[in-house]
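Reviewing the structure listed below.
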Amino acid sequence: MNIPIRAGVLLGVLCVFWTFVMGFTGWYRDPVMLNLFFLVILLEIGVVIWALRKTAPGATWGGQIVNGLVLSLVASVIIFAGSLLFTTVVFRTYFADIQAAQTEMLKAQGLSDADIKTRVAAAAAMQTPFINAISGVTGTVVTGVLVAAIAGAFFRKK
């Protein structure tokens with residue numbers, strides 16, 4: 001298995017693992033701890049840079065972008081499946097829990113009940129297992145390609 005594919009599997013597994021850590025600890029329900037989910041971005045940056053360093057001796061800048069894309073696509077398949085498993089099987093109340101946390105945050109900001117209800121309802125329209133999973137895919141691919149474009153300028157065949 002080549003480096004971008006191995007790195008993509010690693011990234012996908014790490015992101016799904018972290019998602020489940022967030023779930024089993026209940027951090028996704030806490031308005032402050034919820035932000036820890038975004039550690040997956042740092043994981044991705046680290047894995048992409050690690051992989052591009054390994055592929056640098058034989059890859060041009062464009063080749064490194066392709067390596068980042070392949071890595072991200074492989075990871076995104078795992079992330080998509082993990083996200084669906086998370087929201088439809090293991091944590092079936094995930095979206096209701098997120099809405100409760102959002103309501104709590106908005107109350108703390110002093111918004112009226114009507115404003116809170118409107119904002120939570122607007123967000124709820126986008127809170128489905130499929131949209132959540134596709135958002136993970138999109139974020140993974142975009143981040144991977146951007147990091148590869150930047151890091152590939154430094155880690156490439158010269």
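Predicted, not measured: the structure shown is a model, and the values here were computed from it. Both backbone and side-chain heavy atoms feed into the values below; hydrogens, waters and symmetry mates do not.
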Taking the side chain as every heavy atom from C-beta outward, state whether T87 and F91 have any atom pair closer than 4.5 Å.
no
Would you say the side chain of L106 lies within less than 4.5 Å of the side chain of D115, judging by non-hydrogen atoms?
no
Would you say the ring centers of Y94 and Y28 fall short of 6.0 Å from each other?
yes
Taking [Y] as the starting point, is it possible to reach [X] by hopping between hydrophobic residues whose side chains are less than 4.5 Å apart?
X: F17; Y: L85; result: no
X: V66; Y: V9; result: yes
X: I49; Y: L14; result: yes
X: L71; Y: L42; result: yes
X: F38; Y: V147; result: yes

Answer yes or no: is there a donor N or O on one side and an acceptor on the other, between the side chain of [X] and the main chain of [Y], under 3.5 Å?
X: Q64; Y: L52; value: yes
X: R6; Y: I3; value: no
X: W18; Y: L36; value: yes
X: E44; Y: G144; value: yes
X: W61; Y: A149; value: yes
X: T25; Y: M22; value: yes
X: T128; Y: I131; value: yes

Looking at every non-hydrogen atom in both residues, tell me the closest pair between [X] and [Y] and how far apart they are.
X: P4; Y: V70; result: CB-CG1, 4.0 Å
X: A124; Y: Q99; result: CB-NE2, 3.2 Å
X: Q102; Y: Q127; result: OE1-NE2, 4.5 Å
X: N67; Y: A59; result: ND2-CB, 3.9 Å
X: V74; Y: I5; result: CG1-O, 3.8 Å
X: L111; Y: I116; result: O-CD1, 3.5 Å

If you measure from [atom1] on [X] to [atom2] on [Y], what distance do you get to the nearest 0.5 Å?
X: T88; Y: F95; atom1: OG1; atom2: CZ; answer: 9.0 Å
X: I65; Y: S72; atom1: CD1; atom2: OG; answer: 11.5 Å
X: L84; Y: I79; atom1: CG; atom2: CD1; answer: 12.0 Å

CA sep, side-chain torsions, deciding dist, call: R156, T60, side-chain contact (heavy atoms from CB on, under 4.5 Å):
CA-CA 5 Å; R156 60 185 166 86; T60 63; 5.8 Å; no
Run the side-chain contact (heavy atoms from CB on, under 4.5 Å) check on F80 and T140 step by step: do they pass?
CA-CA 10 Å; F80 183 85; T140 301; over 6 Å; no
Can S83 and N132 be counted as having a side-chain donor-acceptor contact under 3.5 angstrom?
yes
Using the six-membered ring wherever Trp is involved, compare the ring planes of F20 and F86 and label them parallel, tilted or perpendicular (cut-offs 30° and 60°).
perpendicular
What do you reckon, is CG of D113 surrounded by more than 12 foreign heavy atoms closer than 6.0 Å?
no
Between W27 and V21, does a side-chain contact (heavy atoms from CB on, under 4.5 Å) hold up when you go through it step by step?
CA-CA 8 Å; W27 290 342; V21 166; 4.1 Å; yes
side-chain contact (heavy atoms from CB on, under 4.5 Å), that's the test. Do V77 and L73 meet it? Break it down for me.
CA-CA 6 Å; V77 170; L73 289 173; 5.9 Å; no
